[in-house]
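Below you'll find the structure, written out as structure tokens, and then a few comments.
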Protein chains: 2
Amino acid sequence: MNIGEASKASGVSSKMIRYYEQIGLISPALRTASSYRTYRDNDVHTLRFVRRARDLGFSVEQIKELLALWRDRSRASSDVKAVALEHIAELERKIAAIQEMTRTLKHLAGHCHGDDRPDCPIIEEIANGPAQVNTEVNPRFGVASLK
Amino acid sequence: MNIGEASKASGVSSKMIRYYEQIGLISPALRTASSYRTYRDNDVHTLRFVRRARDLGFSVEQIKELLALWRDRSRASSDVKAVALEHIAELERKIAAIQEMTRTLKHLAGHCHGDDRPDCPIIEEIANGPAQVNTEVNPRFGVASLK
DNA sequence: CTTGACCTTCCCATTATTGGAAGGATTATG
DNA sequence: CATAATCCTTCCAATAATGGGAAGGTCAAG
């Protein structure tokens, strides 16, 4: 099986297969006399492993660890779990960060008329920072009272 | 004000200020006789605009649009809103993708003992793909019945 | 034997940011 | 004033993962 077939069989592009080999994520493929890379079922299995891990958002570095754990049949499941939990934590940090952005943006967009007039709280906030929000119950202390 | 002070005042690193100038996001700074860049309050204002937009996850390209809209005092707020909504949509796609990953990973981690034994559903799934989940109510048709 | 579809390596681009080197300018201190 | 520390300048490189493409070799079908 040459690289194109291995690519189709694994869902990893030929480009990436060569790249993974180059950076040492996977071992160098066997070569034919004319230096074509050849792959066997086992290699394709590894490539699928890599693709699934990528689909789960693991970095190449983490996949290196996971591959080592996969091959080590005497690994402790706690070792695998540690990698997974660490990754989950990172993903959740990312989600929180992005959600904070959307929260702010939705709030702003919700207050933007979105019509032909130039007045726009979205660009206002980006330009001038968080607008003073009057959360004051008593208007005597609100921003409005400063006029 | 030279670049270091402008950096502190705006929260954008000197490196990035130079970069933004180089790619044309901001206009070239005035220079002293000894070619030090100098910045005035107005420039710092622009830099803050850029930083806030970055904090909201806008790409440099989008910020280019936003800056143009900001400067165009006859812009339609709908134009700003369009950029924002597009960005919100993209952020939500990202969130959904990452959440799907965490959902899967948490499920797997929840079934991993995390002890000294090698048996681990996490690495199992990465290696062999989605395990057959028996969602069948009638055991006659379940995977179990294939034994 | 030609043609088309593959393969090889090598280089470049992407996005936003950081790091560093080499050298000049400014500022502070002794 | 001399010198040292701290700035500034430009240029080059690296990051992470992927895609695009060129130039040239190989293979299989016709």
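Residue numbering restarts at 1 for every chain, and letters A, B, ... go by the order of the sequence lines.
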On the 0 to 90° scale, with breaks at 30° and 60°, tag the W70(A)-F49(A) ring pair as parallel, tilted or perpendicular.
parallel
Sugar-phosphate, base or nothing in reach of S14(A), heavy atoms under 4.0 Å:
nothing
d(CD1, I17(B); P, dC7(D)) in whole Å
14 Å
Length of the line joining Y19(B):OH and dT10(D):C1', which is rounded to integer Å
17 Å
Between CE of M1(B) and C1' of dC8(D) the distance, given in whole Å, is 16 Å
Can you tell me which nucleotide in dT9(D), dC7(D), dT8(C) comes closest to the side chain of R31(B)?
dT9(D)
How is T32(A) classified with respect to the nucleic acid when contacts are heavy atoms under 4.0 Å: base, sugar-phosphate, or nothing?
nothing
Rounded to whole Å, CG of N2(A) lies from P of dC6(C) at a distance of 9 Å
Looking across every strand, which nucleic acid part, if any, lies under 4.0 Å from F58(B) by heavy atom: base, sugar-phosphate, or nothing?
nothing
Any side-chain N or O of S13(B) below 4.0 angstrom from OP1/OP2 of dT18(C)?
yes
Does the side chain of N2(A) come under 3.5 Å of the side chain of T38(A) through a donor N or O and an acceptor N or O?
no
Base, sugar-phosphate or nothing for R18(B)? Non-hydrogen atoms, less than 4.0 Å.
base
Residue K94(A) excluded, over 12 heavy atoms near NZ under 6.0 Å
no
Which residue lies toward the 5' end of DNA chain C, K15(A) or Y36(A), if each is placed at its nearest nucleotide?
Y36(A)
Do the side-chain N or O atoms of R37(A) get closer than 4.0 angstrom to the phosphate oxygens (OP1, OP2) of dT8(C)?
yes
Does the S77(B) side chain pair with the main chain of R117(A), one donor and one acceptor, at a distance under 3.5 Å?
yes
CD of E61(A) versus C1' of dA16(D): gap in Å, rounded?
11 Å
Between E21(B) and R18(B), is there a salt bridge with N-O shorter than 4.0 Å?
no
Using whole Å, report how far CG of L47(A) lies from C1' of dT18(D).
16 Å
Mind calculating the distance between CE (M16(A)) and P (dA16(D)) to the nearest angstrom?
12 Å
Contact under 4.0 Å: Y20(A) side-chain N or O vs dT18(D) OP1/OP2
yes
Minimum-distance nucleotide to S34(A) side chain [options: dT10(D), dA17(D), dC27(D)]:
dC27(D)
Round to the nearest Å and state the distance from Q22(A) atom CD to dC11(C) atom P.
11 Å
